[in-house]
Amino acid sequence: MALRLPRAGTPQILAFLAILAVNWVVSPQFFDTRFQDGRLFGSLVDVFNRGAPVALLSIGMALVIATRGIDLSVGAVMAICGAVAASLADSHPLPVALGAALGAGLLCGLWNGLLVAVLGIQPIVATLILMVAGRGIAQLITEGRIVTFSDPGLAWFGGGSVLGVPAAVAVVFGMLLLTVALVRGTALGLMIEATGGNARASALAGVGTRAMTLAVYIWCGLCASLAGIVAAADIRGADANNAGLWLELDAVLAVVIGGASLFGGRFSLGLAVLGALIIQAMNTGILLSGFPPEFNLIVKAVVVLAVLLVQSPALVGILPSRQWGRSWRRR
Amino acid sequence: MPTTLPERPLLEVRGLTKSFAGLRALDGVDFTLRAGEIHALLGENGAGKSTLIKVVTGVLSRDAGTVALDGRAIAPRTAGQAAEAGIATVYQEVNLLPNLSVAQNLFLGREPTRFGIVRGGAMRRRAREILKDFGLAIDVAAPLGEYSVAVQHIIAIARAVDLSARVLILDEPTASLDAHEVEVLFAVMRRLASRGIGIVFVTHFLDQVYTICDRITVLRNGRLVGERETASLPRLDLVTMMLGRELSEATHERSHAALDGGSAAYASFTGFGKAAYVAPFDLALHRGEVVGLAGLLGSGRTETARLLFGAERADHGSASVNGRPVRLGSPRDAIRLGFGYCPEERKTDGIVAELTVRENIVLALQARRGFLRPLSRRRQDEIAGRFIRLLDIRPADPERPIGLLSGGNQQKALLARWLATEPELLILDEPTRGIDVGAHAEIIRLIRQLCADGLALLVVSSELDEIVAYADRVVVLRDRAHVATLEGEAVSETAILSAIAATDAVAGRHAA
Amino acid sequence: MNRLLPVLVTTAVFLIGFALCCLQFPNFLSTRVVFNLLTDNAFLGIVAVGMTFVIISGGIDLSVGSVIGFTTVFLALAIQRAGLPPLVAFALVLVVCAAFGAAMGAVIHHLEMPPFIVTLAGMFLARGASFLLSTESIPIDAALYTDLPDAAIRLPGGGRLTVIAMIMLAVFVAGGLLLHVTRFGATVYALGGNRTATALMGVRVGRTTILIYTLSSLLAGLSGIVFSLYTSSGNSLAATGVELDTIAAVVIGGTLLTGGQGFMFGTFIGVLIQGLIATYITFDGTLSSWWTKIATGVLLFAFIAFQQSMVGLAGRRSRRRAAGVAPA
Amino acid sequence: ADLTVGFSQIGSESGWRAAETTVSKAEAKKRNVTLKIADAQQKQENQIKAIRSFIAQGVDAIFLAPVVATGWDSVLKEAKEAKIPVVLLDRDIDPSGKDLYLTAVTSDSVHEGKVAGDWLAKQVGGKPCNVVELQGTVGASVATNRKKGFDTAIASHPNIKLVRSQTGDFTRSKGKEVMESFIKAEGGGSSICAVYAHNDDMMIGAIQAMKEAGLKPGKDVLTVSIDAVPDIFKAMAAGEANATVELTPNMAGPALDAIIDYKANNKTPPKWIQTDSKLFTAADEPMKVYESKKDLGY
Ligand SMILES: Nc1ncnc2c1ncn2[C@@H]1O[C@H](COP(=O)(O)OP(=O)(O)OP(=O)(O)O)[C@@H](O)[C@H]1O
Ligand SMILES: Nc1ncnc2c1ncn2[C@@H]1O[C@H](COP(=O)(O)OP(=O)(O)OP(=O)(O)O)[C@@H](O)[C@H]1O
Ligand SMILES: [Mg+2]
Ligand SMILES: [Mg+2]
């Protein structure tokens, strides 16, 4: 896997660097980074830090998409888990609050997985149910208000740092490593890709396609709950109304920018996270540019199209070295 | 090149070249088709036959070369444009739409309309007429996907024929057909040829070549080897042209190992069956024995295989392995017991197109080991390398997505997938479909070898000669029921044919 | 018959749901409620017709909500500020929308990019464009806008068959015909079945793809016109999130998101089911914001699970067809 | 009077909105009125549906908190035909519909922005001051109006310059993110003299961003925002926020009084019942205000 990355990820890396360069042009102090209160501080750091929730989501989403699924509920799951963590943080010890939040995420993932793998409901509808109801559940937990907390342990996920690296970035990194170890260190990755590539054939080859499907949704729920914790810790409160709102689309976008096909099969976790960073770099750039906000969406659309255009099979086909490997993606 | 006929060629291809990512699939190929002839396009798996067809019909772009139809250069960019120019094609994999009805498939893009409204009734009537020519009396309003590949293949051919083109190209149309349908197809082909239509015919069955083809063009490794009149090319020379070496034709003789009746069965099934799927049957499979399943299309061979493998759950009867009763609830159960199953529809049930050849080969083995015991990359490379060499999978690149391999090579990789699990019972459904003569011989030798090592083997095949060649016992199916068993010296093509044709069966007892 | 099953089940599920609502709220069973269902969901129904084509062809169109929003703002500016007659403005906006859809279709086909992403970018673009046009909501008071929404056939029981409801019904009928009895419709199903195969069968895949997205955006534009009539105004935030409601309606109607299967009538029922859930919740009227969301989700789940199990039960009885090859 | 009133509420997009719902319920209970609340989840079409269904159910009056200013004519005409009085809460609708509702209990969001701007102008006096603005959701009328009011207020003060303005979508996390980038873009924040946020939630996020960047909000950087939610008073008490303009969540109280009076005595209330936009600063005993507000459901 690691060996394949440089070649497969070239367009993404170039896109990321290009956006960073543009940011530097619109805001010359973009790369200024200093050390303050024991953590790194600067616009570039913001890109990583702000990108953390979507990056976390994109890890789980990459796995789900690899099985030909999609999880629209991740934003709502973020809200639920943030609400759980925030409302328990001040009254219970940190492990309880965290455990409950992660447990809630696993439960949500399990629910989605059961609908898709066992009841056979189409992923987009199955997860739409929790997307709608989940935000309601989150609001039910907070009763529609913003539940603030002061527990420093939970707040660490937002403002703390590990060796100067913001805690949220460290969480992303840790989760990425763990997931990569889990899917590439075992045969899970192969089986997930096989399931997404051709579920019928994989089942006949003895792959437990149902278990794979269930597992990816559960993992996606876990990733979403971490994202929810990070988001809640960031503002030291759970905003059930807005936490993770529309982030599911960003997560899907990140995975696709990371080169995955929505028709399942091959996935790369590293590139999905890079995709999330590309999106965030673009958002940060927009904020730094000083354009009026009415332009935000237009800029976003243009950049997204440009980034994907670079990877478009039709255009990439012109470069002989990458011709195969892509032409099979879309049928 | 012999140009005995004075007339201008119908289709003339000159210097056609096509490369894929450093792999030269076609290298300056010339090809000439005359009006009214049936022209065989032959070559090993991966020789470039399908690529030639795709480039000519504009599905793939060409790097160099010209194509002329009736002396006028053409450069179609889509299959549609090629069809408009007069070239109708049946590509190697069935390329129809399972979700549309049979009639819609036949008429897609050229439906009869009145005031822009499709005339469904007229369309279905025409569809029935067209299919009658092919001996197919089916419900044309039913979705195509409800029919077997073989039927689908006939429909694809019927569609191409009905386009009444100048040129008809058939890429391995007979791979999934049995003798009877092949006859029907040949009759149609002769009729078309007599009307002046030029036909390009790709196949790996040399008998068929000699039955129907006027001339032969042979490709090897993307290059033109030569063009000959069929009549002037002895079979052995043809094989040598194709392989670039001689093939010892010692493969088709065998000794029907008369089973010593006493040996206990490895796996036995009693009263095994499923309502509206396959009637209950008894079957015992012994180590070292090859059992053939014979029957017409839709007779229930694939269904039997799927039941034995747990891909479909039986609702009658019991199964036992090594004398112990077992449950066959899913393919996983079967694999755990040491079964393997190479399905007939390689595109939908076999390959995972996007994964590499290596990954496809190790998939079943890995699944059996469980995800917690991954095969190391070294082991994977070693296994993939071994089978690529053993089965001569080309190109010999384990890291190529399998979907980019030629059909025959995909089939070999699937076989490798199951051989890699070192199964005790291997069920092969049409294992040699689309496999070239050289590899065919290899595979049959391999099957023998495996049996000698104690493997129990069940083979479904539409090639009767092939079944006769290696089966020790043949079970004949008709109308989804097992109707006869031939053993030892009783196994012969005529015996099988007469068992199939026996009239005591209730005719037309199709499951609804 | 077999393929009709999901639609039949969905219809049954809707009728049962409606009956249950009537049992709980006696004044549910009135022409007013029934026809409100049509009027209130007219704009959703119209986009859903376009979305049905897109989804059956194996694609998806996330831009429709934004296109509706754009249309309303465009109309408000064209009619109020530029003083164009409404009908001219309608024609103009439909042309703009169709061109937008055609562009998305062309990008999807020629650059081989996934529809999800292209239309997501389209969603950003259309919404962004409406922000650029105006961030304020603008009332439209042209004569047509004050008269048309009130024009309705009044029925006993307080029901009103409004013009916009009639537009929706007409679009459904036209869409159904286009999908089910024309060559274009057959090609749409073919694309959803298998793109490569369709291309190999000589059908002009690119043209059809472009037409499908053109149609979808065009209907989104029409839906925007209806929406602007419905609200007599233009608002850049209008119809946010409608794309998901639309997709849900189509899929609840028995259309497979993987493409190749589905019926226009199913979509109609899907839209009504969505409307029924919303109406039920307002009738109840005691639910807080969060319980509204939870109840919506639970009802959605109930409908889908019920539908799924009925299809599953019935499907188990049908078998693969035995292919008989008759001796020649 | 035992009345049934249907209330088409926008949703629960913010703490303030949740408080309005809670307070409305409490006020209705006080007056023995059955309040049916339909939550529109921020969608105008849902609100129209809800009003139609209220009409179908035959309620005695309808309260409407309109999500946008326009587009109510036809549905309100239906209500009028059904002789159900409508009261607007919290936001006004477009003038063309004036005869379609009984009265509007609203604050004036342009005025709110102006109050905030005036406070800032008074605070800085003649000193040059660079202001950054956190806007509400693009396209939302409140955001547009609060910007308009603020702009008018500072227009006559050339020393006050609006240097950056971005949307924070009315949320804490976006407010924080946008403020972070403002700080970076303005050379570490040293040149920012004041922050104006269209609501308190964004300001609370911005305060966190400033603190994390080593700035001292409330001292180095002046803050003024709108809504007066409890948490901003906590910040004020800690000296991290300077001012907020109250938008009272009790719109239903006056509305209910008007309806009851109308039904019982047939007395037509004035067309506009304006709630006042009171300015709170650190001088107003923020902790006490906090205590009084914290249980209102914000
Ligand atoms: N799209 C593609 N990309 C890369 N390589 C390809 C592609 N299509 C075919 N090839 C390669 O080109 C070569 C020729 O393949 P082709 O399908 O023409 O063989 P064939 O003669 O039809 O074989 P078979 O008898 O097995 O069908 C093979 O090595 C194959 O791997
Ligand atoms: N329940 C099922 N689910 C999925 N595929 C099935 C099912 N039943 C049969 N099939 C597939 O449908 C095809 C129809 O098989 P058919 O009835 O023609 O049997 P057959 O005797 O194996 O004929 P042949 O092998 O000559 O095609 C088979 O290829 C089989 O793989
Ligand atoms: Mg081939
Ligand atoms: Mg078969």
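Chain letters run A, B, ... following the sequence lines, proteins first and then strands; every chain starts at 1.
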Chain B contact via Ala194(A) - side chain, backbone, both or neither, heavy atoms under 4.5 Å: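 Both parts, backbone and side chain.
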Gap separating the [atom1] atom of [X] from the [atom2] atom of [Y], nearest 0.5 angstrom:
| X | Y | atom1 | atom2 | result |
| --- | --- | --- | --- | --- |
| Gln366(B) | Thr186(A) | CD | OG1 | 8.0 Å |
| Phe371(B) | Ile192(A) | CZ | CD1 | 9.5 Å |
| Leu355(B) | Arg266(A) | CG | CZ | 5.0 Å |

Considering all heavy atoms of both residues, which atom of [X] and which atom of [Y] are nearest to each other, and what is their separation?
| X | Y | value |
| --- | --- | --- |
| Ala201(A) | Gly350(B) | CB-O, 3.1 Å |
| Gly185(A) | Pro374(B) | O-CG, 3.3 Å |
| Ala203(A) | Pro331(B) | O-CB, 3.5 Å |
| Ala205(A) | Arg417(B) | CB-NH1, 3.9 Å |

Check each atom of Arg368(B) against the heavy atoms of chain A and say whether the ones under 4.5 Å are side chain, backbone, both or neither.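 When you check distances to chain A, no heavy atom of Arg368(B) falls under 4.5 Å.
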Does any backbone or side-chain atom of Ile335(B) lie under 4.5 Å from a heavy atom of chain A? Answer side chain, backbone, both or neither.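 Contact with chain A: side chain only.
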Are any non-hydrogen side-chain atoms of Val352(B) and Glu193(A) less than 4.5 angstrom apart?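 Sidechains of Glu193(A) and Val352(B): no contact.
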Heavy-atom count around Glu382(B) CD within 6.0 Å, excluding the residue itself: above 12?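 Counting neighbours around CD of Glu382(B), more than 12 heavy atoms of other residues, nucleotides or ligands fall under 6.0 Å, so yes.
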Should we say atom CZ of Arg386(B) is surrounded by more than 12 heavy atoms from elsewhere, each under 6.0 Å from it?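 It does: Arg386(B) CZ has more than 12 such atoms within range.
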Any donor-acceptor pair under 3.5 Å from Asp349(B) side chain to Leu204(A) backbone: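 Pair absent, no side-chain N/O of Asp349(B) close to backbone of Leu204(A).
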Closer than 3.5 angstrom, by distance alone: can the side chain of Asn198(A) be matched with the main-chain N or O of Thr348(B) as a donor-acceptor pair?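 Looks like yes, one N/O pair under 3.5 Å.
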Output yes when Glu345(B) and Arg200(A) qualify as a salt bridge under the 4.0 Å nitrogen-oxygen rule, no when they do not.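 Between Arg200(A) and Glu345(B) there is no salt bridge, as every charged N stays at least 4.0 Å from the carboxylate O atoms.
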